[in-house]
Structures are given as structure tokens and as C-alpha cells.
Undergrad: 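Shown below is the structure under consideration.
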Amino acid sequence: MNTASYLNHWLSHRNALVNLIDKVDNEHTVYEPWNGAMSLGHLVVHIVQSTDMFVESVKQGTFAEPTIQDDFQTMDDVRKIVRDATEKTKNDLEALTEEQVNSMISSPIMEAPGSVYLTTSLDHEIHHKGQLFTYARMAGIEDMPMFIAR
């Protein structure tokens, strides 16, 4: 796996997430499209925490808990969490070695090389970003960004 290429691809999706949440007002932080759904704010934080968990697992060579805080009240708080998490994850990805990416990692989720954790992480982020586009439209946001951003 070419980590530089992966990083650029991941950033194109993360930047689109940033562009999307920039359009969400604080009043929609707790928006839930159905009873029992994750709130819009919670889903955003779940995305960045999960990506952090997968990348931390590759970095440490073993299953790791997310290191990203999840305390928020407003979309402004959520945006700060995303900015901070994006910078951390970008730095972590840039520092990964070929050995880390190729090493086997065991976790409650799966046993696979680090490269599989990274691709699973990206797939997970894309999946939930798609949900967020739907949440945003249901919350009345009409001026939607592209699904990737350079």
C-alpha cells in the first residue's frame, strides 16, 4: 500500500466531511432523522473517532481505543473535534512505516494486516459520510458540497 496515495484519497473524503459540517448550524447538532438514530453531531464524532481507532491500531500494532475526545454541545464543538482529529490522523498516517502497514493486527473486529485496517477505515468513513449527506438534506440544508474535496 502506498501510504502517500492513501493519505491523499482519505483527505479528499475528510475535506468533504469538513465542507459538509461547515454548512450545519448549531441547532442541528442533536438532529436525529428517526427515533434512536445517532444525532448528527454524534455521527460526525463517531466517524473521526473510528478512523482514529483504526489508524492507532495500525500505529500500535494492536487494537487501540480511539484517542479523540467526544465531548460536544454544539456544531462549533464538533467542528473543532474534527479539525483536531484530522490533523492528528494526518500526522499519524504520514508517520506510518511499511512494516506497520504490513503487520498483522488482532482485534475484536478482525485479524488482518494494517493495510486492511486502513482500507476498512476509509470505507467506514465514506459510508457514514453518505449518511451525513442524507441527514443534512433532511435537516433542510440545500447547498451541498461535493462528496470529495481536494
Side-chain angles (χ1 to χ4, degrees), residues 1-24 28-34 36-72 75 77-139 141 144-150:
M1 166 181 275
N2 179 326
T3 55
S5 177
Y6 175 88
L7 173 63
N8 288 331
H9 186 69
W10 169 75
L11 272 173
S12 72
H13 286 284
R14 179 57 65 89
N15 289 337
L17 173 66
V18 169
N19 292 344
L20 176 61
I21 66 174
D22 280 347
K23 297 181 177 291
V24 178
H28 298 301
T29 306
V30 296
Y31 174 73
E32 296 176 356
W34 62 87
M38 273 193 255
S39 71
L40 194 149
H42 185 115
L43 186 54
V44 173
V45 172
H46 169 73
I47 290 170
V48 298
Q49 283 186 317
S50 296
T51 299
D52 179 65
M53 176 195 69
F54 282 111
V55 174
E56 276 293 321
S57 295
V58 174
K59 188 170 118 179
Q60 295 179 25
T62 186
F63 179 72
E65 295 292 329
T67 63
I68 304 301
Q69 64 103 0
D70 62 357
D71 185 32
F72 66 90
M75 281 308 294
D77 297 335
V78 170
R79 283 186 275 274
K80 180 173 179 357
I81 291 168
V82 171
R83 277 192 311 272
D84 294 347
T86 300
E87 187 63 27
K88 179 189 180 300
T89 300
K90 181 178 177 282
N91 290 337
D92 287 345
L93 286 168
E94 288 173 336
L96 287 178
T97 66
E98 188 175 330
E99 181 181 345
Q100 289 170 310
V101 171
N102 293 325
S103 292
M104 291 297 289
I105 301 166
S106 294
S107 75
I109 300 167
M110 65 183 152
E111 183 169 341
S115 60
V116 172
Y117 276 72
L118 294 176
T119 56
T120 300
S121 172
L122 181 59
D123 291 343
H124 178 266
E125 186 155 333
I126 292 167
H127 162 74
H128 284 309
K129 182 176 53 116
Q131 288 179 310
L132 282 170
F133 270 80
T134 302
Y135 274 41
R137 290 292 292 160
M138 292 173 74
I141 298 166
M144 302 294 283
M146 284 291 294
F147 67 95
I148 58 169
R150 299 283 173 199

Undergrad: Can you tell me which residue among S107, S57, S103 is in a side-chain hydrogen bond (donor to acceptor under 3.5 Å, both in side chains) with Y117?
TA: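 Only one of S107, S57, S103 forms a side-chain hydrogen bond (donor to acceptor under 3.5 Å, both in side chains) with Y117, namely S107.
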Undergrad: Does the side chain of I47 reach to within under 4.5 Å of the side chain of L132, using non-hydrogen atoms?
TA: yes
Undergrad: Indicate the atoms forming the closest heavy-atom contact of M146 with F133, along with that distance.
TA: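 M146 and F133 have their closest heavy atoms at O-CZ, 3.8 Å.
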Undergrad: Might you point out which heavy atoms bring F72 and H42 nearest each other, and give the distance in Å?
TA: CZ-N, 3.5 Å
Undergrad: Take H13 and H128, measure what ring pair (Phe, Tyr, Trp, His ring centres under 6.0 Å) needs, and give me the verdict at the end.
TA: CA-CA 11 Å; H13 286 284; H128 284 309; over 10 Å; no
Undergrad: Is the count of non-hydrogen atoms from other residues, nucleotides or ligands lying under 6.0 Å from Q60 atom CD greater than 12?
TA: yes
Undergrad: Checking side chain to side chain contact (heavy atoms under 4.5 Å, CB included) for the pair H124/H46: CA distance, chi angles, key distance, verdict?
TA: CA-CA 10 Å; H124 178 266; H46 169 73; 3.1 Å; yes
Undergrad: Atom CD of residue position E94 - does it have more than 12 heavy atoms of other residues, nucleotides or ligands inside 6.0 Å?
TA: yes
Undergrad: If you measure from CD1 on I68 to CE on M53, what distance do you get to the nearest 0.5 Å?
TA: 12.0 Å
Undergrad: Do you know which two heavy atoms are closest between G41 and M75, and how far apart they sit?
TA: CA-SD, 4.4 Å
Undergrad: Please round to the nearest 0.5 Å and tell me the distance separating atom CG of N19 and atom CE of M144.
TA: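 Rounded to the nearest 0.5 Å, the CG-CE separation comes to 11.0 Å.
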Undergrad: Quick one, L96 and L118 - any side-chain contact, counting heavy atoms below 4.5 Å?
TA: yes
Undergrad: Roughly how far, to the nearest 0.5 Å, is the CG atom of D71 from the CD1 atom of I81?
TA: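 It is 7.0 Å, given to the nearest 0.5 Å.
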Undergrad: Rounded to the nearest 0.5 Å, how far does CD of E111 lie from CZ of F63?
TA: 14.0 Å
Undergrad: Mind checking the CE-CD spacing from M138 to E32? Nearest 0.5 Å is all I need.
TA: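 Rounded to the nearest 0.5 Å, the CE-CD separation comes to 11.5 Å.
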Undergrad: Given side chains that start at C-beta, do those of T86 and L11 come closer than 4.5 Å, heavy atoms only?
TA: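 The answer is yes, as the side chains (C-beta and beyond) meet within the 4.5 Å cut-off.
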Undergrad: Are any non-hydrogen side-chain atoms of V101 and S115 less than 4.5 angstrom apart?
TA: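 The answer is yes; the side chains approach within 4.5 Å.
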Undergrad: Inspect the contact between E87 and R83 and indicate whether a charged nitrogen and a carboxylate oxygen are less than 4.0 angstrom apart.
TA: no
Undergrad: If I take atom CG from residue D77 and atom CG from residue D70, how far apart are they, to the nearest 0.5 angstrom?
TA: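 Going from the CG atom of D77 to the CG atom of D70 covers 11.5 Å.
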Undergrad: Does atom CZ (F147) have a neighbourhood of more than 12 heavy atoms from anything else shown, all under 6.0 Å?
TA: no
Undergrad: A side-chain contact here means heavy atoms from C-beta on lying under 4.5 Å apart; do L40 and V44 qualify?
TA: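 They are in contact (side-chain heavy atoms under 4.5 Å apart), so the answer is yes.
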Undergrad: Compare all side-chain heavy atoms of Y135 with those of H28 and state whether any distance is below 4.5 angstrom.
TA: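 No, side chains not in contact.
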Undergrad: Might you point out which heavy atoms bring A16 and P145 nearest each other, and give the distance in Å?
TA: O-CG, 4.3 Å
Undergrad: Under 4.5 Å between any side-chain heavy atoms of L93 and T3, yes or no?
TA: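 Result no, sub-4.5 Å side-chain heavy-atom pair not found.
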Undergrad: With no hydrogens and no angle check, is any side-chain donor or acceptor of Y6 less than 3.5 Å from a backbone partner on M1?
TA: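 Here the side-chain-to-backbone pair does not exist.
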Undergrad: Are the side chain of T51 and the backbone N or O of V48 linked by a donor-acceptor pair below 3.5 Å?
TA: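 A pair under 3.5 Å: no.
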Undergrad: Quick one: does any side-chain atom of S12 pair with a main-chain N or O of R150 as donor and acceptor, under 3.5 Å?
TA: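 No.
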Undergrad: Determine whether Y31 and V24 make a side-chain contact, defined as any pair of heavy atoms from C-beta on separated by less than 4.5 Å.
TA: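 A side-chain contact under 4.5 Å is absent here.
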Undergrad: Any sub-3.5 Å donor-acceptor pair from D52's side-chain atoms to T67's backbone N or O?
TA: yes
Undergrad: Between the side chains of D84 and K88, is the shortest nitrogen-to-carboxylate-oxygen separation below 4.0 Å, so that they form an ion pair?
TA: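 No, no charged N to carboxylate O under 4.0 Å.
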Undergrad: What are the two closest heavy atoms between R79 and I21, and how far apart are they?
TA: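 Scanning both residues, the minimum pair turns out to be NH1-O, 2.5 Å.
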